[in-house]
Amino acid sequence: MLGLMQEHPLLISSLLDFAERHHGDGEIVSRRVEGDIHRTTWAGIARRSRQLANSLESAAVEPSGRVGTIAWNGYRHLELYYGVSGSGRVLHTINPRLHPDQVAWIINHADDQLLCFDLSFLPLVQAVHARCPAVRQWVALCEEDKLPVDSGIPHLLSYEGWIGGASAHYDWPRFDENMASSMCYTSGTTGHPKAALYSHRSTLLHAYAAALPDAMGISSRDAVLPVVPMFHVNAWGIPYAGALTGCKLVFPGPALDGKSVYELIESESVSFAAGVPTVWQMLLEHMDTGGLRFSSLDRTVIGGAACPPSMLRAFKERYGVEVLHGWGMTEMSPLGTVCTLKKKHLDLPMEAQLQILQKQGRGLFGVEMKIVDAQGSELPWDGQARGDLLVKGPWVVQEYFKGDGGAPLVPDAQGRGWFPTGDVATIDADGYLQITDRSKDVIKSGGEWISSIDIENIAMAHPAVAMAACIGVPHPKWDERPIIVVVTRRGAQLTKAKLLEFYKGKAVARWQIPDDVIFVESIPLGATGKMLKTQLREQLKEHRLADRQAEVTTNG
Ligand code: ADP
């Protein structure tokens with residue numbers, strides 16, 4: 001017997017309709033590429049998204065046609081999120097930090113028909129446009145009078161000129177909630193990038209889950225600052241969760257340095273912010289140097305890469321800000337886990353609570369997880385057994401766009417497909433996930449695994465260390481030994497001996513302590529602000545450890 005409830009497709013346009021009706025005066029504040037602060041409301045976003053939808057009709061972008069964006073976080077990008085997907089087209093957010101060759105490849109692979117870009121990315125568009133013949137129209141996200149002359153891009157339009165004359169009346173079409181809504185390519189550190197193709201249904205379910213109290217806990221009383229980019233993994237779903245909850249949204253535009261982010265947090269009374277550790281490191285440095293305080297910020301979700309425990313402590317102990325450590329990936333829309341305490345933990349001493357909060361957290365409803373050994377047998381949730389992490393759920397990819405990379409899912413005994421995350425993890429009896437490494441970053445010394453994240457976390461706790469990456473280098477006896485590559489804080493003094501001394505007495509076996517410390521000016525970062533260990537390994541592939549040194553450390 002079927003239930004007798006209304007059939008109502010979960011469509012992205014319904015989020016916008018809801019936002020307009022229920023919190024139409026909710027604020028959307030953006031720092032623009034132009035440098036000024038722009039203010040609008042959900043009602044304004046809804047009106048202009050309809051104008052955009054009409055403009056897409058006029059431009060004859062077909063249903064499910066791809067519309068690319070190369071843009072910072074801002075209100076125009078938000079309109080594209082809703083106007084493109086809401087009208088049945090597919091929003092393709094492009095990461096501008098990728099190499100131009102990769103950007104051109106991605107635009108062509110996605111078959112983008114129209115592409116909107118912020119003016120700061122004009123040089124990138126100039127470098128790629130001639131290689132992207134399928135793009136019928138390039139649109140600069142600016143006023144008509146800011147349109148660059150002699151850009152070399154044929155028929156370039158300004159976004160404001162393009163949508164400005166269009167009608168604000170538009171009936172959002174109703175269609176199957178499983179239709180594609182948006183897409184995002186992985187960083188493609190090895191081989192060509194592959195795209196996750198999200199649906200309206202997956203996006204709405206993810207938005208519900210993202211806003212839950214044990215996830216990001218976003219409400220209409222929050223002012224939310226997504227520093228995490230809208231050009232990659234949907235800014236962790238915040239543009240959608242914002243419409244769902246009616247929170248104020250504050251967009252940082254291109255200004256992601258510590259000073260600009262701090263000023264925006266203070267001037268817009270931001271209560272909740274989201275970003276990757278490298279960006280938060282810049283913010284903390286700015287705060288520490290200037291002796292500054294937050295007057296409104298009370299929570300921040302940190303993810304995309306492991307949040308060093310020292311960062312969690314700095315936010316909590318020095319600035320009274322709760323850190324929610326989160327884990328996810330492009331293929332998961334992206335949220336998988338967020339770390340919040342259970343009721344039974346609230347009576348634990350602060351130190352014990354911090355131990356839990358360092359983990360990547362508990363799976364959200366909608367994300368099933370398991371860890372398996374090399375034979376694919378499931379491992380226990382005891383916080384000790386370490387294995388390959390597999391996930392499944394309604395916002396996890398089934399396959400990549402155009403079938404790239406073949407069928408990624410691993411079937412279980414019941415024939416249900418699990419997505420292999422490429423991460424290695426433990427899960428404890430309370431369901432808290434802890435990522436120990438990406439499988440390709442695991443260091444194997446004498447047959448034993450060393451977690452590069454554990455080794456980095458200890459280095460990051462040293463007051464003189466600004467950034468640390470642990471990688472394995474070849475060793476004749478032990479196959480691989482860990483070394484730590486370090487960037488020191490401005491003006492700080494640190495020696496190799498002092499840092500190695502710092503490892504003593506910490507939660508690490510002696511044979512896991514790095515054999516060498518290499519001081520560098522900077523560590524290469526990938527397109528999503530994560531440390532590029534592949535590049536570091538390449539740079540240091542000739543690095544040889546003194547045999548005796550490894551011997552002493554390993555056997556000591
Ligand atoms: P990419 O495009 O680089 O694959 P993703 O954003 O999809 O970018 O990266 C997902 C990966 O990032 C995860 O598989 C995991 O290795 C890493 N990651 C994300 N969040 C965390 C975290 N909190 N701790 C450790 N690693 C993380």
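Values below: every heavy atom of this structure, side chains too, minus hydrogens, waters and symmetry copies. One-based numbering, in listed order, for ligands and for the atoms of each.
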- Using the side chain to side chain contact (heavy atoms under 4.5 Å, CB included) rule, take Leu115 and His129 through it: C-alpha gap first, then chi angles, then the decisive distance, then the call. CA-CA 10 Å; Leu115 200 139; His129 79 94; over 6 Å; no
Per-pair distances, 0.1 Å, donor-acceptor, side chain in residues 457-464, under 3.5 Å, sequence neighbours excluded:
from   : atom 1 : to     : atom 2 : distance (Å)
Asn457 : ND2    : Ile453 : O      : 3.4
His462 : ND1    : Ala464 : N      : 3.0

- Item | Min N/O separation Gly304 to ligand 1 under 3.5 Å | yes
- Task: For ligand 1, find out whether one of its N or O atoms is nearer than 3.5 Å to an N or O atom of Gly303.
- Result: no
- Query: Can you find a non-hydrogen atom of Gly422 under 4.0 Å from ligand 1?
  - Reply: no
- Run the numbers for me: atoms of ligand 1, each under 4.0 Å from some heavy atom of Arg438, listed by number. 3 (O), 4 (O), 9 (O), 10 (C), 11 (C), 12 (O), 13 (C), 14 (O), 15 (C), 16 (O)
- Between Phe315 and Phe294, how do the two ring planes meet: parallel, tilted or perpendicular, split at 30° and 60°? parallel
- Query: Does ligand 1 have an atom that lies less than 4.0 angstrom from a heavy atom of Thr186?
  - Reply: yes
- Query: Counting each atom of ligand 1 from 1 as listed, which ones have a heavy atom of Gly326 under 4.0 Å away?
  - Reply: 20 (N), 22 (C), 23 (N)
- Query: Looking only at N/O atoms, are Trp327 and ligand 1 under 3.5 Å apart anywhere?
  - Reply: no
- Quick one: does His232 get within less than 4.0 Å of ligand 1, heavy atoms only? yes
- Message: Measuring from non-hydrogen atoms of Pro334 to any atom of ligand 1, is the shortest distance under 4.0 Å?
- Response: no
- So is Gly526 close enough to ligand 1, meaning a heavy atom under 4.0 angstrom away? no
- Query: Do you know which two heavy atoms are closest between Ser64 and Met179, and how far apart they sit?
  - Reply: OG-CE, 3.8 Å
- Message: Distance under 4.0 Å to a non-hydrogen atom of Ala306: what atoms of ligand 1 satisfy this?
- Response: 22 (C), 24 (N), 25 (C), 26 (N)
- Do any N/O atoms on Met329 end up under 3.5 angstrom from N/O atoms on ligand 1? no
- Query: When the ring centroid of His109 is compared with that of Tyr185, is the distance short of 6.0 Å?
  - Reply: yes
- Are Asp516 and His543 linked by a side-chain donor-acceptor pair shorter than 3.5 Å? yes
- Judging by distance only, is a nitrogen or oxygen of Gln360 under 3.5 angstrom from one on ligand 1? yes
- Message: Can you see whether Trp511 engages Ser445 through a side-chain donor-acceptor pair at a distance of less than 3.5 angstrom?
- Response: no
- Are the aromatic rings of Phe121 and Trp72 close, with centres under 6.0 Å apart? yes
- Query: Between Arg299 and Asp222, does at least one N-O distance fall below 4.0 Å, as a salt bridge requires?
  - Reply: yes
- Message: For Thr330, which part has a heavy atom under 4.0 Å from ligand 1: side chain, backbone, both, or neither?
- Response: both
- Query: Between Asp298 and Ser271, do the side chains contain an N or O donor and an N or O acceptor separated by less than 3.5 Å?
  - Reply: no
- Item | ligand 1 contact on Cys307 by region, counting heavy-atom pairs under 4.0 Å | neither
